[in-house]
There are 2 protein chains.
Amino acid sequence: MRPNDLPGIRDLPLFRSMDEASFAELMNAAYLQKFPRQVDLILEGEPADFLYVVIEGCVELFSRHAGRETTLGMVVPVSSFILAAVIRDAVYLMSGRTTEASRILMIPSENIRAIFEKDGAFARAIVRELALDFRVMIKEYKNLKLRPGIERLANRLLRLHDQNAAAGSFMLPYDKKTLASILGMTPENLSRGFATLRAYGVDVAGNTVTIADVDDLRAFAKMNPLIDQ
Amino acid sequence: MRPNDLPGIRDLPLFRSMDEASFAELMNAAYLQKFPRQVDLILEGEPADFLYVVIEGCVELFSRHAGRETTLGMVVPVSSFILAAVIRDAVYLMSGRTTEASRILMIPSENIRAIFEKDGAFARAIVRELALDFRVMIKEYKNLKLRPGIERLANRLLRLHDQNAAAGSFMLPYDKKTLASILGMTPENLSRGFATLRAYGVDVAGNTVTIADVDDLRAFAKMNPLIDQ
DNA sequence: CGGAGCATTGAGACCGGTCAAAAACAGTGG
DNA sequence: CCACTGTTTTTGACCGGTCTCAATGCTCCG
């Protein structure tokens, strides 16, 4: 694997500060692979054999239980996933599948752990990464536990709106079924949620969303920096 | 602060592997304090000035939003809390209060971060701790997103039953109001949940719970090692 | 014995889920 | 360009779980 195959990898917070030899060693052991959409990459319950980095495309993390399925997160370039399982040499707690054609870097867990043991800068980078992931997770948990579905939707729309700054409208980055699963609601309910938010100036056409009066929606959503950041 | 004031601290996974000088430095900067019950230790939104370690007693982590309040976790001896906020030099995402008279060790964040930067073993210990906390958090999130309230209750009872191995009955470690909040339900609903579980051999008298037929309850609960561990 | 707080129970409302069907949409091949 | 097909989204009707509010019972303590 040639380093110039990997724009962005070395720049990732996770790999930026580690020393050159360690990085080379990691990349040497790694595989860069292309996957079509809807390929299962990992399955919850199986041992964490690889750390994954999404270079291109998109990966959906999800979990199944008792006939239900829920989306736990979407991973977009360039970032890694299931770091915690790799570090603890444990079993995956989430399944993962591509939602579009993707290029994925797979780094064997043993190599991650070996370098983690000897490269202090890498260990510190992992700390920072995990601490961040953990805080994101807490926020999602609070979001789910403290807010009704429609407020979760409103806040998600506001977040998307703010990311596509200035523009009056934006595109939903995934289909509505997936969005519903992320928000912890059914597609039917999401649909009704959109209908309700029309009264607050939200217009949905296909997957294009226009927010007429952001302040109005913001008031309804009860944004909270300790949940929405 | 004398080290022999602190049984268990040095044995914590977080501090076990760090070198003696670093540990002494940390303990030197730390405060060991006694608090009565119902004292607010930290408030969400404020900067993380200290890492906390519960030596004796119990601390409830909780969060408020829009007039609601929910319990995010209970910290019992001997373990630390809000490590992620300290590492990221960020704001607390949870509030914390004692639920009984407690002895708490408070270590200034700057000292944690300083030693984290220079002691590789400590950095690695933090990684392991955060990775574990993260996985516990994921499980809680899945629990909430994938299961109805009564199944969360059933599984929680089974977990408590298993912890008090062999014994036919056990005590709820907190009052029912708190248990309800942990489980993400109202006290009224918890009460009805207990009533429903009577049909599966669960008997509740005060805060003493007896499970007549564990297998029966287990079948109902749909235990899942990827949620309940 | 009385009061405070906690736990339980009941009634009603609401949010969210299920099921079924219609409508909108995208992609395909004629 | 248009029918055809399969998928996604929406809508409607209905049901169940959960919350709220209120009243009652219980227990612990002063």
Side-chain angles (χ1 to χ4, degrees), chain A residues 36-38 60 64-71 99-101 143-157 171-199 202-209 220-222, chain B residues 36-38 60 64-71 97 99-100 143-157 171-199 202-209 220-222:
Chain A
R37 45 177 264 121
Q38 295 298 347
E60 177 183 7
R64 277 190 248 264
H65 171 75
R68 298 158 171 272
E69 174 178 317
T70 192
T71 302
T99 59
E100 44 185 284
N143 195 29
L144 189 62
K145 223 174 168 187
L146 287 166
R147 285 211 271 235
I150 189 151
E151 284 180 28
R152 296 198 295 275
L153 172 58
N155 281 287
R156 175 67 57 143
L157 294 180
M171 297 239 142
L172 295 174
Y174 358 86
D175 57 20
K176 289 178 183 166
K177 189 180 150 180
T178 305
L179 178 60
S181 185
I182 291 171
L183 293 173
M185 53 207 292
T186 56
E188 295 93 325
N189 237 332
L190 175 65
S191 215
R192 285 183 254 266
F194 276 130
T196 304
L197 291 183
R198 232 175 270 143
V202 176
D203 182 77
V204 184
N207 58 358
T208 303
V209 177
F220 171 82
K222 304 195 192 78
Chain B
R37 46 177 263 119
Q38 297 298 348
E60 177 183 7
R64 278 190 247 262
H65 171 74
R68 297 158 171 272
E69 174 178 316
T70 193
T71 301
R97 66 167 92 94
T99 60
E100 43 184 283
N143 195 30
L144 189 61
K145 224 175 167 186
L146 287 167
R147 286 212 272 234
I150 189 151
E151 285 181 28
R152 296 198 296 274
L153 172 58
N155 280 288
R156 176 66 57 144
L157 293 180
M171 296 239 142
L172 296 174
Y174 359 84
D175 57 20
K176 290 176 182 167
K177 190 179 150 182
T178 306
L179 178 59
S181 184
I182 291 170
L183 293 172
M185 54 207 292
T186 56
E188 295 93 325
N189 238 335
L190 175 66
S191 216
R192 287 184 255 265
F194 277 130
T196 304
L197 291 184
R198 232 175 269 145
V202 176
D203 181 76
V204 184
N207 58 359
T208 303
V209 177
F220 170 81
K222 304 196 193 78

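Numbers restart at 1 for each chain; the letters A, B, ... are given by sequence-line order, proteins then strands. All values derive from a computational prediction rather than experimental measurement.
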| task | Would you give the length of the straight line joining atom CE of A:M185 to atom CZ of A:R192, rounded to the nearest 0.5 angstrom? | result | 9.5 Å
| query | For C:dA7, does either OP1 or OP2 sit under 4.0 Å from a side-chain N or O belonging to B:S191? | reply | no
| query | Nearest to the side chain of B:T186 - D:dC19, C:dT18, C:dA7? | reply | D:dC19
| message | I'd like to know if the side chain of A:R37 reaches the main chain of A:A101, judged simply by a donor and an acceptor atom lying under 3.5 Å from each other, with no hydrogens or angles considered. | response | no
| query | Separation of B:R198 atom CZ from C:dA7 atom C1', in whole Å? | reply | 12 Å
| query | So, is A:N189 close to the C:dG17 phosphate, meaning a side-chain N or O under 4.0 Å from OP1 or OP2? | reply | yes
| request: Report yes or no: is there a donor-acceptor pair, N or O only, under 3.5 Å between the side chain of B:R152 and the base of D:dT18? | output: no
| request: To the nearest Å, give me how far apart CG (A:N207) and C1' (D:dT8) are. | output: 11 Å
| field | Distance in angstrom units between A:R147 CZ and C:dG16 P, rounded | value | 13 Å
| message | We want to know whether B:T99 and B:E60 form a side-chain donor-acceptor pair, criterion being a heavy-atom distance below 3.5 angstrom. | response | no
| request: Report the distance from atom CG of A:L146 to atom P of D:dC19, rounded to the nearest whole Å. | output: 12 Å
| said: Regarding D:dG17, can its base be found pairing with the side chain of B:R192 as donor and acceptor, where the two atoms are less than 3.5 Å apart? | reply: no
| request: May I ask you to say what B:G149 touches in the nucleic acid, namely base, sugar-phosphate or nothing, with a heavy-atom cut-off under 4.0 Å? | output: sugar-phosphate
| field | A:K176 vs D:dT10: side-chain N/O to OP1/OP2 distance below 4.0 Å | value | yes
| Is there a donor-acceptor pair under 3.5 Å between the side chain of A:K176 and the backbone N or O of A:N207? | no
| query | Are B:L157 and B:L172 side-chain neighbours, meaning at least one heavy-atom pair lies under 4.5 Å? | reply | yes
| request: Round to a whole Å and report the spacing from CE of A:M185 to P of C:dG17. | output: 7 Å
| Intra- and inter-strand pairs of DNA chain D in dot-bracket (Watson-Crick or G-U wobble, both distances under 3.5 Å; | for another strand) | ||||||||||||||||||||||||||||||
| task | Could you tell me whether a side-chain N or O of B:R147 sits under 3.5 Å from a main-chain N or O of B:K222, the two making a donor and an acceptor? | result | yes
| For the side chain of A:E188, counting heavy atoms from C-beta on, which of D:dG12, C:dA7, C:dG10 is nearest? | D:dG12
| request: Take atom CD1 of B:I150 and atom C1' of D:dG17, then tell me their distance rounded to the nearest Å. | output: 10 Å
| field | Residues B:F220, B:V202; criterion side chain to side chain contact (heavy atoms under 4.5 Å, CB included); working and verdict | value | CA-CA 12 Å; B:F220 170 81; B:V202 176; over 6 Å; no
| Start at the 5' end of DNA chain C and walk down; is the nucleotide closest to A:G206 or to A:G184 reached first? | A:G184
| Taking N and O atoms by type only, does the side chain of A:R68 place a donor or acceptor under 3.5 Å from a partner on the base of C:dG17? | no
| said: If I take atom CZ from residue B:R68 and atom OG from residue B:S181, how far apart are they, to the nearest 0.5 angstrom? | reply: 11.5 Å
| message | Distance check needed: D:dC19 P versus B:L183 CG, whole Å only. | response | 11 Å
| How many Å lie between NZ on A:K177 and P on D:dT7, as a whole number? | 10 Å
